[in-house]
Protein chains: 6
Amino acid sequence: MGLTHFDDQGNAVMVDVAGKDETRRVAVARGRVLAAPETLRLIRDHGLKKGDVLSVAQLAGIMGAKRTPDLIPLCHPLALTKVTVDLSLDEAADAVEITATCALTGRTGVEMEALTAVSVAALTVYDMCKAMDRGMRITDIRLVHKSGGASGRFDAD
Amino acid sequence: MGLTHFDDQGNAVMVDVAGKDETRRVAVARGRVLAAPETLRLIRDHGLKKGDVLSVAQLAGIMGAKRTPDLIPLCHPLALTKVTVDLSLDEAADAVEITATCALTGRTGVEMEALTAVSVAALTVYDMCKAMDRGMRITDIRLVHKSGGASGRFDAD
Amino acid sequence: MGLTHFDDQGNAVMVDVAGKDETRRVAVARGRVLAAPETLRLIRDHGLKKGDVLSVAQLAGIMGAKRTPDLIPLCHPLALTKVTVDLSLDEAADAVEITATCALTGRTGVEMEALTAVSVAALTVYDMCKAMDRGMRITDIRLVHKSGGASGRFDAD
Amino acid sequence: MGLTHFDDQGNAVMVDVAGKDETRRVAVARGRVLAAPETLRLIRDHGLKKGDVLSVAQLAGIMGAKRTPDLIPLCHPLALTKVTVDLSLDEAADAVEITATCALTGRTGVEMEALTAVSVAALTVYDMCKAMDRGMRITDIRLVHKSGGASGRFDAD
Amino acid sequence: MGLTHFDDQGNAVMVDVAGKDETRRVAVARGRVLAAPETLRLIRDHGLKKGDVLSVAQLAGIMGAKRTPDLIPLCHPLALTKVTVDLSLDEAADAVEITATCALTGRTGVEMEALTAVSVAALTVYDMCKAMDRGMRITDIRLVHKSGGASGRFDAD
Amino acid sequence: MGLTHFDDQGNAVMVDVAGKDETRRVAVARGRVLAAPETLRLIRDHGLKKGDVLSVAQLAGIMGAKRTPDLIPLCHPLALTKVTVDLSLDEAADAVEITATCALTGRTGVEMEALTAVSVAALTVYDMCKAMDRGMRITDIRLVHKSGGASGRFDAD
């Protein structure tokens, strides 16, 4: 299988999905932000109050999923019917864990929407903690589940 | 040092930067996309033609940097004077390496713009290769250099 | 009935509407801008020419309806099939009256689109008259009609 | 004083502000959402948890301020240096009270940014509570303070 | 036939397309950028490398098609299923030739999306060559094919 | 002089303008929409009412100028201080004539903003008249004046 986003002349294209079936499509993506123990402790302690880092990042992730076709040049505009983003602290791993789930009934998958939601949530965590910890790393952003469509089910992890 | 994006009542705020000096500010961020050897080979072979994966991702990264304040809730709108994004293949590491540099003369740093450029470029690589390789990982997105502003110079790597 | 935009753990979510029926959905919202008599007189007199305040505000309202999912974090992206915005002067009430109607055939209602259209039209009236009247008030923005969907018909006023 | 957003031929224009002084400009706007007592009680009770209605609306308001020039046709694009949005419950008045403050050093005022922040925050409160209370009203959105620029200081309320 | 975007009172409206049939709709638009022979030679010579002018403009055109409802006030938001943009040099005519094709299955045509794709691609060619050639002209942007919908097939050229 | 938007390796870049002087920069662009005499007659007759084709297109042009950095990949985000768009009928030439003027005090020119304003205004004229005249052409979009910056004054026409 080759690169589907180019035509025979090597031009980038937004490929025609009109011939694909309208099916229920779900994608789950994950990623993490590695941070210093002190940073994670501060996120946790602050999280007991309203307006905490993880809530802001979660909302940014949901809104980011909706911006996917504006950001990724060859992504189709989609009418997402569901977006959830979960963030939790894994202090043993010095990490903020992020999981995003997107779904719709349509002709093309929602992997990029789920991956974009994770990325934007991770960038927002970075933004809110960067004054105290410049060495954070956004890492391991990946697809962990996909269903619907001709290519069938995919499960990782 | 605590979390700068919250006020005393725990409300998220876009902090006032009016009192900061207008200085030349530069940020460099890096990241990589891990992919199967066959995927990287295809990117390399296709890259000999115009409209290749890396060029599309590079352009997406530059445009993504400009969307940073739309994506990251508490980021200030900024008039970037420079954005460059470089992508290269590191086949020994089974990776696409991405580096972004942003600069302006202003009152707040451009780390988030550089990190967003890397993230959007990485997501675009994923999008263009996902039909053949669902197991790719976007990883190690981090700040490697920052200069300008009161917090001084930062260098990693 | 509780707050539908949170899951059991208290996380904000864009709720899954895939299970809802595709029905014709209509929403009508209203609001007004209270202004000084002299301001209203100027709007009226200028309105005899092209490019008047009410026409600019009307167009801004229509375009604003399309931006709803960008603005309201947990709103679904929707393919609106109709947007109308009407503005008229009620000089007896010292007010610009604004009515917006949105419609589509889909799985979720268009109340937020109609309310956003009214809000953006009202803000535009304020913007265009603010040099002469800083004391204007945007007020009484409310849903006056809703039909389609499981929750049934709603009529106010 | 007439309508500043039209030229002599009656064309709408984005007026030239190049000749204005760069001064520190601040604007404060306020508004409220009137709701049923039961709705306010639910917002309050839920607010003890993370991800509450008021936090989501606050963030939406901050992000909305940044979208002002996209929404209001004749507004100048501005590099805001500060945005804060506060929401609180006034159960005696059956209302959510919203206050937004915007600031920058520049050639044009930030009233529209503060008013837009209040409007988007109010719309978000409506969105999150509409399943239980369709009769809410967004009301009394107004400028309460403005300083900087040739027109001098304005204080209301 | 009159102007369909106005109602009986002369108000601009986003017309209701809910009653139209969902059919396969295709539109093809064309345009050209006239430039000095030396400019075209430079585009051609540079085009042998990656990241050339025509590839950047092509991608901008595809992304531009997706922004159509943000730009054209009374355009409906659409879920495009296909966008392709082709650019080629016609050195005999001192021109860059641009063709865009858009398609979807829906209730309204995609002419504006195809015309917007051509326009944004042309503007991008101008932007990238303007330092050496200020006298370029964007010209002859027109619809050359349209099918689907009640108004039937249209072919020009 | 070569192509300024590529570096030595052929990568597209948003070039650094930090070293350029902050000067007053003005650009004027023009273009026209060729239409059937009957179409122009309808625009003229309708233009006597409010909400006419030319007013809608003018407003779209002003708003389009502000979207330039979102549309043109390597354009810098700019804080425009002035945008005007004028449309008039030239029935002898079967044309709608469009002129846009943009200005700011900054480090980079505003030609692309003026050309984008003309393009979006022209597309909007097309959109509003397309139901009666599919054969319209958008043509002769060009820079007619530019001042400010190191490259000096440019005047065409």
Side-chain angles (χ1 to χ4, degrees), chain B residues 22-28 47-71 75-89 97-108 110 112-114 116-117 120-121 124 147-148, chain F residues 2-27 62-83 102-117 119-120 148-151:
Chain B
E22 282 227 327
T23 63
R24 168 82 171 166
R25 292 161 190 274
V26 179
V28 182
L48 304 175
K49 303 189 225 167
K50 72 185 173 110
D52 64 312
V53 171
L54 302 190
S55 297
V56 174
Q58 184 211 30
L59 213 62
I62 292 174
M63 296 182 83
K66 293 193 271 186
R67 311 307 298 268
T68 305
D70 287 349
L71 295 172
C75 266
H76 295 82
L78 295 180
L80 289 169
T81 57
K82 175 188 176 177
V83 183
T84 65
V85 178
D86 285 288
L87 293 102
S88 62
L89 294 179
E97 290 286 338
I98 307 170
T99 305
T101 303
C102 293
L104 56 58
T105 300
R107 293 191 173 85
T108 182
V110 289
M112 294 317 302
E113 281 70 15
T116 301
V120 173
T124 302
S147 58
Chain F
L3 294 168
T4 50
H5 286 73
F6 295 101
D7 65 14
D8 296 343
Q9 283 77 47
N11 289 315
V13 294
M14 197 171 97
V15 294
D16 197 353
V17 295
K20 297 193 182 184
D21 286 334
E22 283 225 327
T23 62
R24 168 80 171 168
R25 293 162 190 272
V26 179
I62 293 174
M63 297 181 83
K66 295 193 270 185
R67 311 307 297 269
T68 305
D70 287 348
L71 295 172
I72 313 299
L74 304 173
C75 265
H76 295 82
L78 295 180
L80 289 169
T81 57
K82 175 188 175 178
V83 184
C102 293
L104 56 55
T105 301
R107 294 192 172 83
T108 182
V110 289
E111 302 98 296
M112 294 317 302
E113 282 71 15
L115 289 160
T116 301
S119 299
V120 173
S151 68

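Computed from heavy atoms alone, side chains included, the values below leave out hydrogens, waters and symmetry copies. Just so we're on the same page: letters track the sequence lines, and every chain starts at 1.
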Distance-only donor-acceptor screen, chain F against chain B, under 3.5 angstrom:
residue : atom : partner : partner atom : Å
F:N11   : ND2  : B:D86   : OD1          : 2.8
F:A12   : O    : B:Q58   : NE2          : 3.0
F:M14   : N    : B:V83   : O            : 3.0
F:M14   : O    : B:V83   : N            : 3.2
F:D16   : OD1  : B:T81   : OG1          : 3.4
F:D16   : OD2  : B:R24   : NH1          : 3.4
F:D16   : OD2  : B:R24   : NH2          : 2.7
F:V17   : N    : B:T81   : O            : 3.2
F:P69   : O    : B:K66   : NZ           : 2.8
F:I72   : O    : B:K66   : NZ           : 3.1
F:P73   : O    : B:K66   : NZ           : 2.9
F:C75   : O    : B:K66   : NZ           : 2.7
F:H76   : NE2  : B:T81   : O            : 3.2

Taking all heavy atoms of B:A79 and all of F:P77, pick out the closest pair and write down the distance. CB-O, 4.0 Å

Which atoms of F:V15 come close to chain B, meaning under 4.5 Å heavy atom to heavy atom: side chain ones, backbone ones, both, or neither? backbone

B:M63 versus F:L71, closest heavy-atom pair with distance: CE-O, 4.2 Å

Under the side chain to side chain contact (heavy atoms under 4.5 Å, CB included) rule, collect the residues that match up with B:A114, sequence neighbours excluded. B:A27, B:A29, B:C102

Bottom line for B:L78: the part with an atom under 4.5 Å from chain F's heavy atoms is backbone

Between B:L59 and F:L74, does the side-chain contact (heavy atoms from CB on, under 4.5 Å) criterion hold? Intermediate values first, please. CA-CA 8 Å; B:L59 213 62; F:L74 304 173; 4.1 Å; yes

Non-hydrogen atoms of chain F under 4.5 Å away: do they reach the side chain of B:L80, the backbone, both or neither? both

